[in-house]
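Worksheet: one structure, shown below.
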Amino acid sequence: MAIGYACITIGVQDAKQARCTIGNATEDNLRRLIKDNLNALDAAIDYNIAMGISLFRISSDIVPFGSHPVNKLLWWEEFGEKLAQIGKKVIDSGMRATMHPGQYTVLNSKNSEVVDNALLDLKYHCKFMDVLGLDEKNKMILHVGGVYGDKKNSAEVFKSNYLRLPDNIKGRLIIENDDKNYTVEDVLGISRALEVPVVFDNLHNKLNPSLETIPEQGWVDICRSTWKQKDGVQKIHYSQQKAGGTAGSHSDTIYIEEFIKFYNNIRDKNIDIMLEVKDKNISCIKCINSSSSKTSAKDLEEEWARYKYFVLSRSASIYSEIREQLKDKENIDAVRFYKKIEQAIDKAEDKGAEVNAAQHVWGYINKNCKEAEKRRFNKLLASYIDKGDGLKSIKNHLLKCAIEQDISYLINSYYFYI
DNA sequence: TGACGTCAAGATCCG
DNA sequence: CGGATCTTGACGTCA
């Protein structure tokens, strides 16, 4: 059982991915970006290992314009050594990596150029995983594509185009129900014909349910039968609707009670759950700690160290309540802990609390900082107290100072990132 | 023709 | 001039 997150690692300075526009995609720029992005991927994997996260989606942008003719680099040769080293790290740590060509990679398109480009994109994604040296249990997820007024026929086009794919792509490809077109029932139909594993996506299923009404858990069970030994553990996508957002938009954080309810209903826990959520690795750790029986008082204390200034910036009383709760080392209750954190997340901005937290963080920086930094902090804080704007500037300044003084305790704080 | 999703790059604005 | 904030990009489908 693993819980993972997609592409971006929040709050890890060395793990930031970079890109460029097509106009700037010169050979030199691309070479530099690939080098930087591979180092960033390496850092993200180190972080995952340190945090006990063993499921991770690699960004499609890891090689900028990886399937576009503008990128003519033989990146798999040029960076072969680095790629192999990263791959070895993934394998040795027992991590499972995935990739996910987006909604614009359409294998069943009416337009043959679009199909050609989809093939190039699949080849690129597959090549990346191949050169990492990952086996076929490390999957590549694709949506079925367009409907073009005739879902049945369009599914047939998908099938025939699938059958023409190279074997290494077929070995990795898995298909997912989407939020508008192909329901899990539709995707299972395609899966039966092609023997392709199906990824059940809970939010897509809510927005685009099948004709047959089966509870979520029933669909998870049915999808399980599409996963064979060689495919590895069944994988599903889990996300929550953002309150007040357009249908299908992902929540800022995974609300833990709802997740645990879903998790408890899963009959066979031998399953990998990929979270799709704005706060990425942060929710991932939350879900791992809340679903594992091995979560210790120390685990929650480490989380508290990362959350505390954020919580303080929202509410001093919630801050005290959590501190009280954590004093009881005999009764570890991760769900209760994270529900309190969520209370703080959902609280509206409170100027007094923000000022208090900023001053608290400043207390660590104040001692060893430059006069100019001191002046800037005081100026920004005064402006915030006076006019109520510039909170982001305060946080950016504090983070900059923390990085300069290399105070990891502060740099790792979620206060700066959520 | 614009919305959809994504989020850093790139452009522009501000003090 | 540095930093904050707004706009663009790159993709394909669908209304």
Side-chain angles (χ1 to χ4, degrees), chain A residues 5-10 13 15-26 29-30 32-34 36-37 40 57-71 99-122 124-125 141-151 154 157-158 161 176 178-182 201 203-204 207-208 237 239 241-242 245-252 276-280 370 372-373 375-377 379-380 382-384 386-387 389-401 403-404 417:
Chain A
Y5 67 99
C7 307
I8 289 166
T9 309
I10 293 176
Q13 302 302 320
K16 288 194 186 114
Q17 296 284 325
R19 301 187 298 187
C20 70
T21 54
I22 205 159
N24 290 328
T26 61
N29 257 339
L30 289 171
R32 179 180 53 81
L33 287 168
I34 295 165
D36 290 352
N37 285 351
R57 181 189 300 165
I58 298 169
S59 167
S60 294
D61 289 337
I62 186 88
V63 176
F65 299 99
S67 64
H68 193 285
V70 78
N71 188 341
M99 290 187 91
H100 189 4
Q103 57 182 310
Y104 299 113
T105 302
V106 183
L107 190 59
N108 74 340
S109 177
K110 288 277 183 205
N111 179 341
S112 65
E113 260 178 57
V114 171
V115 177
D116 291 344
N117 288 338
L119 179 60
L120 287 174
D121 203 38
L122 290 174
Y124 150 66
H125 283 88
I141 299 109
L142 188 67
H143 294 274
V144 176
V147 170
Y148 316 104
D150 184 347
K151 201 192 270 186
S154 299
V157 174
F158 180 89
N161 288 350
E176 175 193 356
D178 65 72
D179 59 342
K180 290 196 172 70
N181 302 323
Y182 293 87
D201 183 303
L203 184 57
H204 292 166
L207 295 164
N208 183 27
H237 287 175
S239 59
Q241 171 68 45
K242 182 191 176 86
T246 54
S249 59
H250 296 144
S251 59
D252 290 340
E276 294 182 319
V277 60
K278 289 270 151 49
D279 70 358
K280 305 285 181 184
K370 296 172 190 151
E373 290 168 342
R375 280 197 300 274
R376 181 166 167 79
F377 174 75
K379 195 178 150 199
L380 289 171
S383 164
Y384 176 64
D386 185 33
K387 290 181 275 180
D389 64 2
L391 178 59
K392 227 177 137 187
S393 304
I394 296 174
K395 289 195 184 188
N396 286 348
H397 181 59
L398 288 170
L399 178 58
K400 208 179 134 199
C401 293
I403 290 171
E404 202 173 275
Y417 311 109

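What's counted below: heavy atoms across the whole structure, side chains too, no hydrogens, waters or symmetry copies. Chain identifiers are assigned alphabetically (A, B, ...) following the order of the sequence lines, protein sequences preceding nucleic acid strands; residue numbering begins at 1 within each chain. These numbers were taken from a predicted model, which means no experiment stands behind them.
With distances taken from any side-chain atom of K400(A) to the nucleotides dG3(C), dG12(C), dA8(B), the minimum falls on dG3(C). For N117(A), taking side-chain heavy atoms from C-beta onward, the closest of the listed nucleotides dG12(C), dG3(C), dC4(B) is dG12(C). Side-chain proximity of T21(A) to dT13(C), dC4(B), dA9(B): nearest is dA9(B). Considering only side-chain atoms of K280(A), the nucleotide from dA9(B), dG12(C), dC7(B) that sits closest is dC7(B). Among the nucleotides dC14(C), dC11(C), dG12(C), the one closest to the side chain of S109(A) is dG12(C). Side-chain proximity of A18(A) to dA9(B), dC14(C), dA4(C): nearest is dA9(B). Here the side chain of H250(A) is nearest to one of dG12(C), dC11(C), dT6(B), namely dT6(B). The I8(A) side chain lies nearest to dA8(B) when the options are dA8(B), dA4(C), dT5(C). Minimum atom distance to the side chain of Q103(A) is reached by dG5(B), of the listed dT13(C), dC11(C), dG5(B). Ranking dC14(C), dC7(B), dC4(B) by closeness to the V147(A) side chain, first place goes to dC14(C).
T105(A) comes within 4.0 angstrom of nothing in the nucleic acid, heavy atoms only.
Straight-line distance from the OH atom of Y104(A) to the C1' atom of dC4(B): 6 Å, rounded to whole Å. We find that CG of D61(A) is positioned 18 Å from P of dG5(B), with the value rounded to whole Å. Here dC4(B) presents its C1' atom at 13 Å from CG of L207(A), a figure rounded to the nearest Å. Atom P of nucleotide dG5(B) and atom CG of D201(A) are separated by 14 Å, given to the nearest angstrom. Taking atom CG on L120(A) and atom P on dG12(C), their separation rounds to 11 Å, with Å as the unit. If you measure from atom CG of D121(A) to atom P of dA10(C), you get 15 Å, rounded to the nearest angstrom. Put simply, CD1 on I22(A) is 5 Å from P on dA10(C), counting in whole angstrom units. Atom-to-atom, NZ of K395(A) to P of dA4(C) comes out at 14 Å; the value is rounded to the nearest Å.
Residues N111(A) and C20(A) each lie close to DNA chain C; by heavy-atom proximity, the contact nearer the 5' end of the strand is made by C20(A). Along DNA chain B, the nucleotide closest to K180(A) and the one closest to A6(A) are compared, and the more 5′ of them pairs with K180(A).
At a cut-off of 3.5 Å, with distance as the only test, a side-chain donor of D121(A) or T105(A) sits close to an acceptor on the other residue. No side-chain donor from either of E373(A) and H397(A) sits under 3.5 Å from a side-chain acceptor of the other. A side-chain donor-acceptor contact under 3.5 Å links S60(A) and H125(A). Q103(A) and H143(A) form no side-chain donor-acceptor contact under 3.5 Å, judged by distance and modelled atom types alone.
Summarising the geometry, atom CG belonging to N117(A) is positioned 9.5 Å from atom OG belonging to S109(A); distances are rounded to the nearest 0.5 Å. Between atom CG of residue D150(A) and atom NZ of residue K110(A) there is a gap of 7.0 Å, rounded to the nearest 0.5 Å.
The phosphate of dC4(B) has neither OP1 nor OP2 within less than 4.0 Å of any side-chain N or O from S249(A). Here H68(A) reaches the OP1 or OP2 of dC11(C): one of its side-chain N or O atoms lies under 4.0 Å away. In terms of phosphate contacts, R57(A) brings no side-chain nitrogen or oxygen within less than 4.0 Å of OP1 or OP2 of dT6(B).
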